[in-house]
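The structure appears right after this line, and notes come after that.
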Amino acid sequence: MPVDSYPAVESHGLIGDLQTAALITRDGTLDWFCAPRFDSPSIFGGLLDREKGGHFQVSPCDVDYVSKQLYLPGTPILITRFLSADGVGEVVDFMPVAGEVATDRHCIVRMIRVVRGSMRFRMDCQPRFDYGRRPHTVDFTLNGILFRSGDLHLTVNPVRRGQMLLDERDFRYDEHGVTAIGVLHEGDTGGVVLHTQSPEPPRVVDPAEVTEMFERTRDFWRRWLDGSRYTGRWREMVERSAMTLKLMTYAPTGGLIAAPTTGLPERIGGVRNWDYRYTWVRDASISVHALLCLGFTAEARGYLDWLTQRVRDAEESGHPLQIMYRVDGSRDLPEETLPHLEGYRGSTPVRIGNAAATQLQLDIYGEALNCVYQADSAGLRGSYEEWRNITRVLDWLCDHWDQPEDGIWETRGGRQDFTYGRLMSWVAFDRGIRLAGRHGRPADTTRWVAARDAAYEQVMSRGFHPGRRVFVQHYATDVLDASLLAMPAVGFVAPTDPMWQSTLRAMDEELVSDSLVYRYDPVVSPDGLPGAEGTFTMCSFWYVQALAESGRLDDARLTFDKMLTYSSDLGLYSEEIAPSGDQVGNFPQAFSHLSLINAATTLDRLLDARR
């Protein structure tokens, strides 16, 4: 397919039910949906192959129109509006909340309504099970459609009132999918309700039933958002980011996925195409601070429970803590490619699974202990078992922190003595020592103090390049790394320290392009992969926070406001921003949204203090 047939990454809206999610384009195409979980095979995967991946499009036909998208305020209910000279129609997409018990039954509501004039709509449902690898059958009736693929099935139920709006002549179907065309007039409501693994046969759904589902979903999200205590300058963007993080949380376990997609490239046509549908210890740990800042303690507690279980599993298995897990907590994430898919805009290989799960990344221990410490400071005290887990983790880290590792960016160019890994090892020891002292908990603090001090001295002596007067990516290079923007935020250096100030100025010159920040320069710091990448959105928000903490408040505010211009129309961010300003990488990205929240709350606090 021509690359221009693929919609822009940022032209998608996200809906979800807290166990899985779907992406819908501005022209009404559902082109990404995995079930029963975020990390399950796709049923609609047109995002990665317009021909073979599968899609479900609902849009006007035989008319010129302009389309726009918005969220119903205070919810992730997506409204796609179609405006033409003859009428205005809307497709309202949402997923009723699935609950906290894992299930294979999920529902997507695609409600069509006309608010002015009349509009002719075309619905084209073309599922492709298991990333398009498994065949399926189609059972068609006027009361609904049943797609079967092995033990999986998808039911498509039409929405209409008692009188028949369509007859069989309005449909076209074959062994792959079904297409329908119909006209709706002002005040009409139609659409479809999709169910996975429904025990019921296809049936006609009354619009009143859909309205009830809509109201119940709307009320759930607005009640949840009422728990936010953020009232700062960027409330709309912060609340949208909070809802996006909630949508990417697997409710049965509390695990936060990095993104609901796989294979979206960091550079169009490149090979940096990874599967992010898993829970990273780092990402989810940092999210605790963002959630606590907004007042969402239940979500923070849920992740802490998830982390406690992962540490317990590691102890029982005799393995160290893994950097990422499946949403149910399992460790097995074998990486494979899908050669039958052409990839987003021709970007191959398309990967599922993630081999980086086996990497050694020492920074995750610092992020995990920091989140436990922040939760404790917010009143979420840990249990005796959780404390014993902490002591085991830190005792293990005492023996292993001083070794080459793979680093935060999951490079595949060999292990190094990464400065960020040593920095976060210091954080892990420091927070453990503080927790032990705060509550009088038993621990080998003498050993922890020695390890903490050794990590500190090593970063200051070997992680700081005396010639360039900057903190560097690893001990064998003079290259900068944006991960070190976290140094003042975690309390390792004072933001006014000359060593940090000279590092920040160097980042201004080498890593920052206007408001956008590169992670590092792969040309001078090879990472084992060909090609370049865009600027990293999370690092751009880290830069805002570092500027603010370093006293450059006006620069921080301008940079933050510029970053807001790169969001999608719906307030969503992918992993990276290309030089063209387009969003690239998996979408939406949890790291981008949690770092936006942290930057906004920090900037608010410091601006208020200055005033």
Side-chain angles (χ1 to χ4, degrees), residues 8-14 16 21 23 38 71 76 230 234 236-249 256-262 264-267 272-280 282-291 293-294 299 324 367 408-410 482-483 485-486 489 511-519 533-546 556 559-579 581-603:
V9 168
E10 62 265 30
S11 70
H12 289 83
L14 176 73
L23 292 179
F38 294 109
Y71 279 118
Y230 180 81
W234 300 282
E236 184 176 354
M237 288 299 295
V238 167
E239 290 185 345
R240 180 56 55 194
S241 290
M243 276 187 282
T244 303
L245 293 177
K246 178 73 170 175
L247 280 172
M248 291 192 282
T249 300
L256 172 73
I257 60 168
T261 58
T262 181
L264 291 182
E266 297 178 14
R267 183 175 64 86
R272 299 168 185 256
N273 319 316
W274 314 110
D275 192 346
Y276 278 8
R277 299 170 298 159
Y278 310 113
T279 299
W280 268 253
R282 174 188 307 109
D283 303 36
S285 295
I286 296 175
S287 75
V288 168
H289 179 255
L291 293 168
C293 284
L294 303 184
E299 285 70 22
M324 73 178 91
E367 277 109 11
I408 179 176
W409 304 130
E410 296 169 8
S483 65
L485 287 164
L511 296 183
V512 180
S513 175
D514 197 16
S515 63
L516 303 172
V517 180
Y518 291 92
R519 294 188 290 184
E533 61 176 11
T535 57
F536 211 70
T537 301
M538 176 196 70
C539 293
S540 299
F541 286 120
W542 278 8
Y543 179 59
V544 170
Q545 192 167 349
T559 300
F560 187 81
D561 285 340
K562 284 183 177 180
M563 280 304 300
L564 297 184
T565 69
Y566 289 103
S567 79
S568 76
D569 292 342
L570 296 170
L572 303 180
Y573 287 91
S574 67
E575 181 182 19
E576 299 183 16
I577 306 295
D582 296 328
Q583 299 207 36
V584 291
N586 285 304
F587 178 88
Q589 177 86 350
F591 235 153
S592 299
H593 287 278
L594 65 90
S595 58
L596 182 154
I597 293 170
N598 288 335
T601 53
T602 298
L603 193 51

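One-based numbering along the sequence shown.
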Between [X] (side chain) and [Y] (backbone), is there a donor-acceptor pair under 3.5 Å?
X	Y	result
Ser540	Val517	yes
Thr535	Ile577	yes
Glu10	Gln583	yes
Tyr71	Leu14	yes

Return yes if a side-chain donor-acceptor contact under 3.5 Å exists between Trp280 and Glu410, otherwise no.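 Short answer, yes.
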Mind checking salt bridge (charged side-chain N to carboxylate O under 4.0 Å, His left out) for Asp283 and listing every partner two or more places apart, or none if nothing turns up?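 Result, salt bridge (charged side-chain N to carboxylate O under 4.0 Å, His left out) vs Asp283: none returned.
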Qualifying residues under side-chain contact (heavy atoms from CB on, under 4.5 Å), relative to Ser241, sequence neighbours excluded: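 With sequence neighbours excluded, Ser241 shows a side-chain contact (heavy atoms from CB on, under 4.5 Å) to His593, Leu596, Ile597, given in chain and number order.
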Which residues pass the side-chain contact (heavy atoms from CB on, under 4.5 Å) test with Glu239, sequence neighbours left out?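 Checked Glu239 against side-chain contact (heavy atoms from CB on, under 4.5 Å); matches are Leu225, Ser228, Arg235.
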Are Trp234 and Tyr230, when compared by the centres of their aromatic rings, separated by less than 6.0 Å?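 Centroid distance Trp234-Tyr230: not below 6.0 Å, so no.
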Within-4.5 Å side-chain heavy-atom neighbours: Ile408 and Arg282: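 With C-beta onward as the side chain, the pair touches.
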Hey, mind stepping through Phe541 and Phe560 against ring-ring contact (aromatic ring centres under 6.0 Å, His included) and telling me if it holds? CA-CA 7 Å; Phe541 286 120; Phe560 187 81; 5.7 Å; yes
Cationic tip of Arg519 within the cone over Phe536's six-membered ring, i.e. under 6.0 Å and within 45° of the normal?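 Output yes; distance and angle both within limits.
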